[in-house]
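Worksheet: one structure, shown below.
Heads up: numbering here begins at 1 and tracks the sequence.
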Amino acid sequence: MGRHGQRGCCTPVQPCVQWLVLASGGRHLVNPACFDVPDWQAIESPLVVTGRRGNEPTDLKAITGLVHPWAGGQVVMLVGESGTEIAVKSWYRDTGEGQIHATYTGDASEVPANGTWRLWVTDHTCGIFTAEPGYLDCWSLSF
């Protein structure tokens, strides 16, 4: 079992990473909470942004820490307070790389900056086999 009784998050094999949580309103905001991603289901992880003016930049960066036996089968979307969806990571065929710690850049210039942003992770692992569920270890936004 992982932290808070969740399987997958922070196990002896995959230790917890200690993330510095910065006050909302800065240039880099982190949600360090771990969320299990069940087979063929979706999870939503929120991040509240305050103290920013206008819309987001054309080069908003979403940084993800995603662990899954078939990480390519995970589809990741960023959703602004207004409901606007920004594609972060699309599905791709992989060979079982196991994890993705990457920075994705998206155009959020039409989306109000302040509000609750949500990272959606949907498991689209091929249905012909069963894989161990994965988890979102953390994620952040950089302006």
### Query
Rounded to the nearest 0.5 Å, what separation is found between the NE2 atom of H124 and the CG atom of D39?
12.5 Å
### Message
side-chain contact (heavy atoms from CB on, under 4.5 Å) for W91 and V76? Distances and angles first, verdict last.
### Response
CA-CA 9 Å; W91 185 95; V76 182; over 6 Å; no
### Summary
Contacts of A102 meeting side chain to side chain contact (heavy atoms under 4.5 Å, CB included) (sequence neighbours excluded), chain-then-number -> I100, Y104
Show me the donor-acceptor pairs, under 3.5 Å and distance only, between side chains in residues 42-49 and residues at least two apart or in other chains.
residue: E44; atom: OE1; partner: W120; partner atom: NE1; Å: 2.8
residue: E44; atom: OE2; partner: R118; partner atom: NE; Å: 2.9
residue: S45; atom: OG; partner: N31; partner atom: ND2; Å: 3.1
residue: S45; atom: OG; partner: W139; partner atom: NE1; Å: 2.8

### Query
Which is it for E81 and W117 under the side-chain contact (heavy atoms from CB on, under 4.5 Å) test, yes or no, and what are the steps along the way?
CA-CA 6 Å; E81 177 78 23; W117 287 78; 5.8 Å; no
#### Entry: Closest heavy-atom pair and its distance - R52, A113
CB-CB, 3.7 Å
### Query
Which distance, rounded to the nearest 0.5 Å, do you find between the CZ of R93 and the CH2 of W70?
9.5 Å
### Query
Side-chain contact, heavy-atom cut-off 4.5 Å: D123 with P38?
no
### Query
Are F143 and L60 side-chain neighbours, meaning at least one heavy-atom pair lies under 4.5 Å?
yes
### Side-chain donor or acceptor of N114 paired with backbone N/O of G51 under 3.5 Å
yes
### Message
Could you check whether any side-chain N or O of Q99 sits under 3.5 Å from a backbone N or O of L66, counting only pairs where one atom can act as donor and the other as acceptor?
### Response
no
### Neighbour count >12 (heavy atoms, 6.0 Å) for atom CD, E85
yes
### Message
Same cluster or not: V111 versus L119, using hydrophobic residues (I, L, V, M, F, W, Y) connected whenever any side-chain heavy atoms lie under 4.5 Å apart?
### Response
yes
### Message
Which heavy atom of G106 sits nearest to which heavy atom of I86, and what is that distance?
### Response
CA-CG2, 4.3 Å
### Message
Using side-chain contact (heavy atoms from CB on, under 4.5 Å), reason through S140 and L29 one step at a time and then give a plain yes or no.
### Response
CA-CA 5 Å; S140 63; L29 303 165; 6.0 Å; no
### Query
Which pair of non-hydrogen atoms, one from P133 and one from P69, has the smallest distance, and what is that distance?
O-CD, 4.4 Å
### Message
Does S109 form a side-chain contact (heavy atoms from CB on, under 4.5 Å) with T58? I'd like the steps, not just the answer.
### Response
CA-CA 5 Å; S109 60; T58 58; 3.7 Å; yes
### Query
With a 4.5 Å limit on heavy-atom distance, are the side chains of Q74 and V37 in contact?
yes
### Query
Can you name the residues that form a salt bridge (Lys or Arg N to Asp or Glu O under 4.0 Å) with D59, not counting sequence neighbours?
K61
### Query
How close do I63 and S142 get, heavy atom to heavy atom, and via which atoms?
CD1-OG, 3.9 Å
#### Entry: Joint cluster assignment, Y135 & M77, ILVMFWY side-chain distance < 4.5 Å
no
### Query
Just wondering, do L141 and L78 contact through their side chains at under 4.5 Å, heavy atoms?
yes
